[in-house]
Amino acid sequence: MGDAVELEVAGRTVRLSSPDKVFFPERGFTKLDLARYYAAVGPGILRALRNRPTTLQRYPDGITGEWFYQKRAPKGMPDWIPTAHITFPSGRSADEMCPTEEAAVVWAAQYGTLVFHPWPVRRDDVDHPDELRIDLDPQPGTDYDDAARAAGELRAVLDEHGLRGWPKTSGGRGLHVFVPIEPRWTFTQVRRAAIAVGREMERRMPERVTIKWWKEERGERIFVDYNQTARDRTIASAYSVRPRPHAPVSAPLRWDEVGVAHPQDFDITTMPARFAELGDVHADMDDHAFSLEPLLELARRDEHDHGLGDLPYPPEYPKMPGEPSRVQPSRARKPKPSAS
């Protein structure tokens with residue numbers, strides 16, 4: 001598979017073994033192609049990952065082989081890559097890598113990392129998110145164009161509550177919108193804010209948007225996946241390569257591109273050229289930090305005026321205070337008819 005090569009990445013040398021190993025058979029892209037891609041967009045993906053505990057989604061033998069999530073920092077990780085100690089909902093904990101240099105991303109690519117999943121926190125405060133992440137997930141019968149229409153309404157909701165979001169393609173059919181926030185609120189509060197956003201969107205677009213957790217209730221609508229804001233739930237970072245045959249990437253967009261550009265426009269061959277021309281179109285995200293209070297006030301009104309409280313967590317999470325039943329509606333025990 002070829003002799004090892006060395007890549008110079010922002011002042012560091014990263015060794016790449018088996019550079020000719022094919023990771024994307026349909027297009028013939030190799031490990032070296034992957035590493036060169038991440039080097040080309042280095043400043044952009046580092047902006048998305050900097051100082052964040054990051055889970056690695058690894059494909060050591062390419063996208064047709066077995067894969068796994070690596071939550072604990074890999075053995076043999078260079079001492080110039082720091083870590084952060086994070087706690088999972090189960091109570092277990094781990095030290096995760098926290099990239100602070102572009103070379104850390106290329107180093108991870110050497111071990112078959114395609115997708116980087118950063119936590120919405122920084123390593124100096126792992127319990128208070130500094131991003132509200134809204135995941136617009138197309139359900140069967142819907143597609144990216146439907147997600148783009150929903151994103152337009154999401155932008156309006158955020159604007160009316162004094163916030164601004166930065167959109168990106170998921171690398172699949174969906175859209176993600178990240179909102180930088182002050183790190184003052186817990187995961188539970190940030191999730192509550194995401195629920196409030198989803199409910200407001202559902203009210204405005206009831207035929208197009210849903211916040212229903214159970215798939216049987218979603219219909220052909222865009223699902224606002226509020227549970228992506230729960231502790232230990234992560235979203236693929238901007239510029240992450242996705243494990244699909246054409247090697248697409250999660251592409252940061254300007255708002256005027258949403259609905260015009262499409263996910264298939266962005267892969268490991270096209271994104272470097274776009275990055276060279278435009279740079280990181282989300283580069284100014286870190287210059288902002290918004291308050292969640294307007295959205296939390298919206299959540300309080302939902303509960304007070306409409307009786308709308310919490311929604312179900314994923315099944316692997318411990319039962320949370322105030323959480324409704326996790327039994328899907330079709331399996332819920334029906335009340336027995338009263339005797340006449």
Side-chain angles (χ1 to χ4, degrees), residues 87 89 119-122 125-137 147 150-167 175-214 217-219 221-235 285 288-329 332:
T87 302
W119 281 49
V121 299
R122 308 283 181 170
D125 185 355
V126 296
D127 294 317
H128 297 90
D130 68 347
E131 286 181 347
L132 166 65
R133 299 172 175 178
I134 307 296
D135 181 6
L136 302 178
D137 184 10
E153 195 60 50
L154 170 59
R155 185 185 187 188
V157 171
L158 293 174
D159 183 67
E160 290 166 22
H161 291 84
L163 297 94
R164 174 186 166 194
W166 278 255
L175 272 165
H176 303 149
V177 178
F178 285 13
V179 181
I181 60 174
E182 299 168 4
R184 294 168 44 201
W185 295 276
T186 64
F187 279 93
T188 302
Q189 291 171 309
V190 173
R191 179 177 172 276
R192 189 80 171 115
I195 290 173
V197 168
R199 282 178 168 147
E200 182 63 21
M201 291 179 65
E202 188 177 56
R203 280 190 285 265
R204 298 182 183 198
M205 305 179 75
E207 301 302 318
R208 293 184 177 274
V209 172
T210 182
I211 199 168
K212 300 291 187 184
W213 175 245
W214 303 108
E217 295 186 307
R218 293 177 190 170
R221 292 179 286 183
I222 299 299
F223 172 49
V224 181
D225 191 352
Y226 61 90
N227 270 330
Q228 289 296 77
T229 57
R231 179 185 286 271
D232 192 34
R233 283 298 180 102
T234 55
I235 292 177
M285 267 188 68
H288 302 267
F290 297 98
S291 172
L292 271 190
E293 281 302 328
L295 294 182
L296 293 175
E297 176 57 29
L298 177 61
R300 286 189 284 268
R301 291 201 305 271
D302 278 343
E303 187 160 16
H304 182 269
D305 297 344
H306 307 292
L308 299 174
D310 202 359
L311 291 174
Y313 274 79
E316 70 273 17
Y317 281 64
K319 186 70 175 178
M320 300 295 286
E323 180 191 358
S325 170
R326 293 186 192 174
V327 179
Q328 66 188 73

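Not measured: the values here are computed from a predicted model. Below, each value reflects all heavy atoms present in this structure, side chains not excepted, and no hydrogens, waters or symmetry copies.
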Looking at side-chain heavy atoms only, is the closest gap between [X] and [Y] below 4.5 Å?
{"X": "Leu132", "Y": "Phe178", "result": "no"}
{"X": "Phe290", "Y": "Glu182", "result": "no"}
{"X": "Val157", "Y": "Arg204", "result": "yes"}

Parallel, tilted or perpendicular: ring planes of Tyr226 versus Phe223, cut at 30 and 60 degrees: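 Answer is perpendicular, since the angle exceeds 60°.
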
Trp166 and His288 aromatic ring geometry - parallel, tilted or perpendicular at 30°/60° bounds: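 Tilted, since the angle between the ring planes falls between 30° and 60°.
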
Other residues, nucleotides, ligands: >12 heavy atoms within 6.0 Å of His304 NE2: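 Counting other residues, nucleotides and ligands, NE2 of His304 stays at 12 neighbours or fewer.
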
Atom CD of Glu207 with >12 non-hydrogen neighbours under 6.0 angstrom: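 Counting neighbours around CD of Glu207, 12 or fewer heavy atoms of other residues, nucleotides or ligands fall under 6.0 Å, so no.
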
Short side-chain to backbone donor-acceptor contact, [X] and [Y], under 3.5 Å:
{"X": "Asn227", "Y": "Pro312", "answer": "yes"}
{"X": "Arg192", "Y": "Gly309", "answer": "yes"}
{"X": "Arg122", "Y": "Asp130", "answer": "no"}
{"X": "Gln189", "Y": "Thr186", "answer": "yes"}
{"X": "Arg199", "Y": "Ala196", "answer": "no"}
{"X": "Lys212", "Y": "Gly219", "answer": "no"}
{"X": "Arg221", "Y": "Pro206", "answer": "yes"}

Salt bridge (charged side-chain N to carboxylate O under 4.0 Å, His left out) between Glu200 and Arg203, intermediate numbers included: CA-CA 5 Å; Glu200 182 63 21; Arg203 280 190 285 265; 2.8 Å; yes

Geometric cation-pi criterion, Arg191 with Tyr313: 6.0 Å, 45°: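 Yes - Arg191 lies over the ring of Tyr313, closer than 6.0 Å to its centre and within 45° of its axis.
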
Pairing residues for Arg326 by the salt bridge (charged side-chain N to carboxylate O under 4.0 Å, His left out) criterion, not counting sequence neighbours: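 Result, salt bridge (charged side-chain N to carboxylate O under 4.0 Å, His left out) vs Arg326: Glu323.
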
Candidate pair Arg208 and Glu153, rule side chain to side chain contact (heavy atoms under 4.5 Å, CB included), full reasoning: CA-CA 11 Å; Arg208 293 184 177 274; Glu153 195 60 50; over 6 Å; no

